[in-house]
Colleague: 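Sending over a structure as structure tokens; questions will come in a sec.
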Number of protein chains: 2
Amino acid sequence: MDVKPVGAPADRGVVSLLAQLNKGVHRLMTDELLGLRLKPYMVLGYIRDHPGATQAELESALFLDANSVVLILNELESARYSIRRRDPNDRRRHIVELTPDGRRMLDRAEKARESLEGEILKDLSAEDRRTLRRLLGHVLDSLLAVPPRG
Amino acid sequence: MDVKPVGAPADRGVVSLLAQLNKGVHRLMTDELLGLRLKPYMVLGYIRDHPGATQAELESALFLDANSVVLILNELESARYSIRRRDPNDRRRHIVELTPDGRRMLDRAEKARESLEGEILKDLSAEDRRTLRRLLGHVLDSLLAVPPRG
DNA sequence: TATTGTTATACTCTATAACTATA
DNA sequence: TATAGTTATAGAGTATAACAATA
């Protein structure tokens, strides 16, 4: 028999676990540690990894609403970390790009994130960490495939 | 080489994955599906699984602040799902208990949660699901061991 | 007429500090 | 003096709808 983990005495499901974990992690990912709040950090990471991304794409990929995307981009733009430019093929769209300053900030933030993550995952083997990332990635893919709205 | 998952083209780390997943799951865990919002549901689950729990315990275990605990318990109590009674050994404390109505609601909510969870995890094998729960549980334990505040 | 992004607004959630009562 | 819980309040985050520009 395994030792019963403190955090999940009677298994309350992945949904609750995720919520609990996210809350716990979020309160460690402070502004002063990261240099950014978590949402803007995630947006910067997304536009680096998906060149040509539009605001609508950020909305669906990160499960944000249009309004939040606007506010986050306003903030990033006033800090000179990203810019919006019109898509010449469809002038309704904005294509969001990372600036050199934004890339530097993102690199710095990722260093901080990795250090925190190392602390949180310190009880997992390298293989367990890979497995965790892989499984979470799969779940995210399923979630992104769920039709938006019920 | 593995197929590159859509959701994590350049691995942005577990922290971002958790935040993204939580957001996506949270918008599916609607009030009308669950009968409760997620936080009150988690509190009900916690007091069922930890008889004799106090408000301070809910605070640290679920990463809530004292104020949120009060508001959630007010809500649960007015719906007759839980009650607070003074701890006879230390009359400053409240011991929070599940009522029969609360237990019924919790059972119903867990059915709904399991059904949603089945959809989200449908691409994972039974073994992968167990692994995911186990790894998330470990991470939660590490997180609970981190000293509160930096 | 539909879509992309913006603005305005309200609602929820979270964080903080001051207060009451018990220890 | 310190702790458990409550109250009050402000701030951040989130959701909704109305609007402008473009398709």
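We name chains A, B, ... by the order of the sequence lines, and we start the count at 1 in each one.
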Colleague: Is there a side-chain contact between B:Gln55 and B:Ile95, using heavy atoms and a 4.5 Å cut-off?
Modeller: no
Colleague: Kindly work out whether a path of hydrophobic side-chain contacts (I/L/V/M/F/W/Y, heavy atoms less than 4.5 Å apart) joins A:Leu124 to B:Leu136.
Modeller: yes
Colleague: Let's see if you can work this out: which of C:dC13, D:dG5, D:dA15 has an atom nearest to the side-chain heavy atoms of B:Arg37?
Modeller: C:dC13
Colleague: Which parts of residues 64-76 of chain B get close to DNA chain D, meaning a heavy atom less than 4.0 angstrom away?
Modeller: B:Ala66, B:Asn67, B:Val70
Colleague: Determine the minimum heavy-atom distance between A:Val70 and A:Arg84, stating which atoms define it.
Modeller: O-NH1, 4.0 Å
Colleague: What residues form a side-chain hydrogen bond (donor to acceptor under 3.5 Å, both in side chains) with B:Glu97, not counting sequence neighbours?
Modeller: B:Arg85
Colleague: Mind checking what makes side-chain hydrogen bond (donor to acceptor under 3.5 Å, both in side chains) contact with A:Arg103, not counting sequence neighbours?
Modeller: none
Colleague: Applying side-chain hydrogen bond (donor to acceptor under 3.5 Å, both in side chains), can you list everything that pairs with B:Arg104, at least two apart in sequence or on another chain?
Modeller: B:Asp101
Colleague: Looking at the side chain of A:Gln55, which of C:dT6, C:dT4, C:dT14 is the nearest nucleotide?
Modeller: C:dT6
Colleague: Could you tell me the separation between the CG atom of B:Leu28 and the P atom of D:dA15, rounded to a whole number of Å?
Modeller: 12 Å
Colleague: List in chain and number order the residues that pass salt bridge (charged side-chain N to carboxylate O under 4.0 Å, His left out) with B:Arg92, two or more places apart in sequence or in another chain; answer none if no residue qualifies.
Modeller: B:Asp90
Colleague: Give a yes or no on whether the backbone of B:Lys111 and the side-chain of B:Ser115 come within a donor-acceptor separation of less than 3.5 Å.
Modeller: no
Colleague: Atom NZ of B:Lys39 and atom P of C:dC11: how far apart are they, to the nearest Å?
Modeller: 20 Å
Colleague: What's the CG-P distance between A:Asp31 and D:dG11, to the nearest Å?
Modeller: 16 Å
Colleague: Could you give all pairs that pass the side-chain hydrogen bond (donor to acceptor under 3.5 Å, both in side chains) test and reach residues 28-39 of chain B, with sequence neighbours left out?
Modeller: B:Arg37-B:Glu75
Colleague: Could you pull out every donor-acceptor pair under 3.5 Å between side chains of residues 60-67 of chain A and any protein atom, sequence neighbours left out?
Modeller:
unit_1, atom_1, unit_2, atom_2, d
A:Ser60, OG, A:Ala56, O, 3.4
A:Ser60, OG, A:Glu57, O, 3.3
A:Asp65, OD1, A:Ser68, OG, 2.7

Colleague: What integer distance in Å separates B:Leu58:CG from D:dT6:C1'?
Modeller: 15 Å
Colleague: Can we say B:Glu117 and B:Lys122 salt-bridge, meaning some charged N sits less than 4.0 Å from an Asp/Glu carboxylate O?
Modeller: no
Colleague: Within residues 77-85 of chain B, which residues have any heavy atom lying less than 4.0 Å from an atom of DNA chain C?
Modeller: none
Colleague: Can you pull every protein N or O that's under 3.5 Å from an N or O on nucleotides 18-23 of chain D?
Modeller:
unit_1, atom_1, unit_2, atom_2, d
D:dA23, OP1, A:Arg91, N, 2.9

Colleague: Looking at every heavy atom in both B:Leu38 and A:Ala19, which two are closest together, and how far apart are they?
Modeller: CD2-CB, 3.8 Å
Colleague: Nearest whole Å is fine: how far is D:dG13 P from A:Leu36 CG?
Modeller: 12 Å
Colleague: Which angle, to the nearest 10 degrees, lies between the helix axes at the two ends of the helix from C:dT1-D:dA23 to C:dA23-D:dT1, each defined by five pairs?
Modeller: 0°
Colleague: Distance check needed: C:dT3 P versus A:His94 NE2, whole Å only.
Modeller: 19 Å
Colleague: Specify the separation, in whole Å, of atom CG of B:Leu62 and atom C1' of C:dT14.
Modeller: 15 Å
Colleague: For the side chain of B:Arg27, starting at C-beta, report the closest nucleotide among C:dA15, D:dA15, C:dG5.
Modeller: D:dA15
Colleague: Sequence neighbours excluded, which residues qualify as salt bridge (charged side-chain N to carboxylate O under 4.0 Å, His left out) partners of A:Arg129?
Modeller: none
Colleague: With sequence neighbours left out, what residues match A:Asp123 under side-chain hydrogen bond (donor to acceptor under 3.5 Å, both in side chains)?
Modeller: B:Ser142
Colleague: Between A:Lys23 and A:Ala56, which has a closest nucleotide on DNA chain C that is more 5'?
Modeller: A:Ala56
